[in-house]
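Read the structure below first, then the notes.
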Amino acid sequence: MSLIIFNTLSGKKEVFEPVRENIVGMYVCGVTVYDYCHVGHARSGVVFDTIFRYLKHCGYDVTYVRNFTDIDDKIINRSKEQNISWQELTEKFIQAFYEDMGRLYIQSPTEEPKATDHIQEMLDMISSLIERGKAYESEGDVFYSVSSFDEYGQLSGKNIADLQAGARVDVNEKKRDALDFVLWKKSKPDEPNWDSPWGAGRPGWHIECSAMGRKYFGDTFDIHGGGKDLVFPHHENEIAQSCGVTGCLPVRFWVHNGFVNIDKEKMSKSLGNFFTLRDIYKKFHPEALRLFLVSSHYRSPIDFSMKNLEDAEKVILRFYEALDNAESIVGDHNISLDEIKNHPFLAKCEKAMNDDFNTAVVVAHLNEESRRINSECILIGSGEGDKKNLALRLSTFRFVGELLGLLTGSPEKIRQEIFNIKKTELELDVGKIECLIDDRNEARKNKDWGRADECREELAHMGVVLEDTSKGTEWKIK
RNA sequence: GGCACCGUCGCCAAGUGGUAAGGCAGAGGUCUGCAAAACCUUUAUCGGCGGUUCGAGUCCGCCCGGUGCCUCCA
C-alpha cells in the first residue's frame, strides 16, 4: 500500500514517490535561535520527527536537513540588549534547543546547517538571480523582483494583484515594488556583516533555505516542511528564488503542520500567550507532551491546555501499565523483527500512517491494543491464554509506539520521572506520607479498618492515592 | 478588504458518499476488608437552512459562529 501525503502546492493528497528511487530528501525549516523553544516549536519538531521515523520505516534512505537561522534582526537586537555577541547568543539557544527538543525524543536530523555557514552559497544564488534579471541591487540592498516570476503565489493560493491591494508591507523607497523582498541587506556600521559584491551586509531570511536545500539536495528534492505560518511569504519566496536560478520547481511535496492554539488563538511570541518547553516540563513529563502532540492530525490546529496534557499523561501511563503487566508475565522473550513486521496490528497502524501520517488513528489503535494486552494478561493469570502470543503483541505494541517516538523507556523509569515531577511541583512531604502508609498497614494487620481508612482519607486530602499490590503498598499522586 | 481553513458526545479527537474510531470525565458491574489498577457493559446522527443523490458528518449553495494568512513567526 502506498504512502499518501497532502501537498500544500496542489491542495490535495497525492501518492508519494521520491525523485530518486528509495531515496528521500527532506528539508524542514528550523528555528531562529534567539530565545527558548515553545510548544509551537515542539509541534513542528515532533511532526517532522515522526515523518522522518515513518519514512525510514517504509524503507527509504532518508536525508533529513533541518536548519538553524542564526542571523537576523531579532538576533541582532537581542544580543545588543544582553550585551553579548550574536555568536554567543545563538550558541546558547542552540544548546537550549537540543536540551528541550531532545527530551521529546526527537532524533537528530542527518544535517543541521546554520545560515551563517552558507553565506557563499547564498551570494552565488543572489548573483545568479541578478544576472537573470530576477533581482536588482538598490543602495547596497538586493531585492527579488516578484513581478519577474509569473507563478508567484502558486503555493499560498494568492495572486499578485490581491497582494498589492492589501499590502501591509513597509513602504520602502529602495524597492521597485512593495511586494519585492530582500535577498541581501546592507548592514549598519555596528552590525554583523559579510563581504559581498554589493558591499558589507547580511542575507535576507528567505534565501538561506533555498541555498541550503540546493546544497544538500540539488535542484529538486522530495519534501519541504515547516509550520503553516511559513507558507507565505517564506516558502512562496523560496520557490521564486530557486525557480529563478534553476528554472525548475525546487520541491515536490510541501508539508505544513498546523498551529498550537491557546484558547483558540495561535500561540505566538507576539501575543505573549506561549509556554516554553522548560515551563511545561516542570509540570508534565515530555512523553506526555509528545503523546498530546501526536494525538491530533498534524495539519489540524491543536488546543493546548493543562487538561489536555493531564489526559495525555493518563494515557501514556496506561500504555506503560500494559507494557509492565505483559513484561512481568512474559519475562525474557525473543521476538524477531520479521514476526513484528508481519503482525496485523502493525499493518493496521501502517494503514493509518500511509494516509497522510494519521497519528491520531494510530494512538486510538494503541489504546485498543493496550486493552487487549491487559485482557490477555488476565487470561494467562487464570491459566488460559498464550504467552508467545502476548510476547508478540507486546513487542509489536512497543514497536508502533516507537514509530511515534513513544514507549522507548521502561515503565518503572517513566513512573519514577512523573512521580518526581509531581512531588517537586506539589512540595509533598514524603516522610509524612510514608509514615501514614506505615500506620495504615499496621492498622490493616490488626484488621482495624476504621483507622486504615482514616489514613487513606488523610492521604487523599494530600492528593495521594494508594494501591495495595502483591509487592506491598504503592502510592501515586492523583 | 482579499485568500484559506474550521464548527463531530460534558471535554479532547478520528472519520472526504453507505446507517458515527479512540481517550478523558460519568453510570453500572467483576475484583478488593474498603480502595486503586485492570477487565466487562453503557452514553452522539455530526452549527443552522436548503439542494444533489437510492443514500451525506462526508458533495453544492446560503446563513450563523470561530480561526489563520496577507508584517516577524513552527
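We name chains A, B, ... by the order of the sequence lines, and we start the count at 1 in each one. Nothing here was measured: the structure is a model prediction, and the numbers come from that model.
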Within the structure shown, what part of the strands sits under 4.0 Å from [X] by heavy-atom distance: base, sugar-phosphate, or nothing?
X        : value
A:Val260 : base
A:Gly30  : sugar-phosphate
A:Asp229 : base
A:Arg371 : sugar-phosphate
A:Asp453 : base
A:Arg440 : base
A:His256 : nothing

Please determine if A:Arg290 forms a cation-pi arrangement with A:Tyr105, meaning its NZ or CZ atom is less than 6.0 Å from the six-membered ring centre and no more than 45° off the ring axis.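 Judged by the rule, A:Arg290 and A:Tyr105 form no cation-pi pair.
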B:rA21 and B:rC72: how far apart are their P atoms, nearest whole angstrom? 45 Å
Euclidean distance for P, B:rA20 against B:rG47 (whole angstrom):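 That atom pair is separated by 15 Å.
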Using a cut-off of less than 4.0 Å, is there contact between a side-chain N or O of [X] and OP1 or OP2 of [N]?
X        : N      : value
A:Lys314 : B:rA25 : yes
A:Ser300 : B:rA14 : yes
A:Lys447 : B:rC34 : no

Return yes if the base of B:rC11 and the side-chain atoms of A:Asp303 contain a donor-acceptor N/O pair under 3.5 Å, otherwise no. no
Identify, between A:Ile378 and A:Tyr34, the residue whose nearest nucleotide on RNA chain B lies closer to the 5' end. A:Ile378
Tell me if the centroids of the rings in A:Tyr27 and A:Tyr216 come within less than 6.0 Å of each other. no
Would you kindly give the CG-to-C1' distance between A:Asn308 and B:rG10, to the nearest whole Å? 14 Å
A:His206: what forms a ring-ring contact (aromatic ring centres under 6.0 Å, His included) with it, not counting sequence neighbours? A:Phe181, A:His234
Please pick, from B:rU16, B:rG68, B:rC34, the nucleotide with the shortest atom-to-atom distance to any side-chain atom of A:Phe259.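 Of B:rU16, B:rG68, B:rC34, B:rG68 is nearest to the side chain of A:Phe259.
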What is the ring orientation for A:Phe68 with A:Tyr98, classed by angle as parallel under 30°, tilted 30 to 60°, or perpendicular over 60°?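 Taking A:Tyr98 first and then A:Phe68, their aromatic rings stand perpendicular (interplane angle over 60°).
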